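Taking it in order: structure first as structure tokens, then the write-up.
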Amino acid sequence: MRSRTLPRALLAVLLTTPLATPLATTACHGARKDAAHPSPGRAGAACGRGDPMTRTELFFGLDRFELPPVTQAEWQQFVDTAITPRFKDGLTQFDVDGQYLATTGKLIREDSRLIMLLHDGGQVASDAIDAIRKEYKVRFNQESVLRIDEPVCVGF
């Protein structure tokens, strides 16, 4: 598997969200794995406090090509029908401002939504997340939905 770096456009979106700055700087320093930072889904990973889980952040752009942006009602219907049934234990959503440099050299600014999920990091959760991303792209004519996975220690 080849090494991948974060595209500048995605990094720009990440840096516009207050929660994502630590994620962006972690991603920029490569995929270093160490005992203090367990891999997602790794059973028995050590946590000083809480339990090992995976935090997934999904970034959904609201602009559509030659159509009005996704409305609040359309967004909420998507959350209610595509995300909540797959993650019934809960989720957190944020309104965020994204921007990226288009291939034309034009700076594009876009209202976006961020969904944060906590899960076990297993294949079932990963497949559900990929299904959510695919459904959003099809339903709202999107090129991509940014996904960030990070191992975390969680206590309730």
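Here, residue 1 is the first one in the sequence, and each next residue gets the next number. Owing to the predicted nature of the structure, the values given are computational and were not obtained by experimental measurement.
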Other hydrophobic cluster members with Ile115, side-chain heavy atoms of Ile/Leu/Val/Met/Phe/Trp/Tyr under 4.5 Å, chained? Leu58, Phe60, Leu62, Val70, Trp75, Phe78, Val79, Ile83, Phe87, Leu91, Leu117, Ile129, Ile132, Tyr136, Phe140, Val145
Which pair of heavy atoms, one from Asp120 and one from Gly122, lies closest together, and at what distance? OD1-N, 2.8 Å
Taking the side chain as everything from C-beta on, heavy atoms only, tell me whether Gln99 gets closer than 4.5 Å to Leu107. yes
Nearest 0.5 Å, please: how far is CE in Met53 from SG in Cys153? 11.0 Å
Please identify each residue that fulfils side chain to side chain contact (heavy atoms under 4.5 Å, CB included) with Phe65, with sequence neighbours left out. Asn141
Which pair of heavy atoms, one from Arg55 and one from Leu118, lies closest together, and at what distance? CB-CD2, 3.8 Å
With sequence neighbours left out, the residues meeting side chain to side chain donor-acceptor pair (under 3.5 Å) with Asp127 are Gln123
Find the distance between CG (Leu114) and CG (Asp97) and round it off to the nearest 0.5 Å. 12.0 Å
If I take atom CZ from residue Arg147 and atom CZ from residue Arg133, how far apart are they, to the nearest 0.5 angstrom? 6.5 Å
Roughly how far apart are Ser126 OG and Asp149 CG, rounded to 0.5 Å? 6.5 Å
Among residues at least two apart in sequence or on other chains, which ones pass side chain to side chain donor-acceptor pair (under 3.5 Å) with Asp51? none
So salt bridge (Lys or Arg N to Asp or Glu O under 4.0 Å) across residues 99-118, not counting sequence neighbours, yields Asp95-Arg113
Just how far is it from atom NZ of Lys134 to atom CZ of Arg139, taken to the nearest 0.5 Å? 14.0 Å
Check Gly98 against Ser112 and note the closest heavy-atom contact, atom names and distance. N-OG, 4.2 Å
Kindly state each residue pair satisfying salt bridge (Lys or Arg N to Asp or Glu O under 4.0 Å) with at least one member in residues 73-91, sequence neighbours excluded. Arg64-Glu74, Arg86-Glu135
side-chain contact (heavy atoms from CB on, under 4.5 Å) between Gln93 and Gln76: does it pass, once the steps are laid out? CA-CA 11 Å; Gln93 58 180 314; Gln76 194 58 55; 4.0 Å; yes
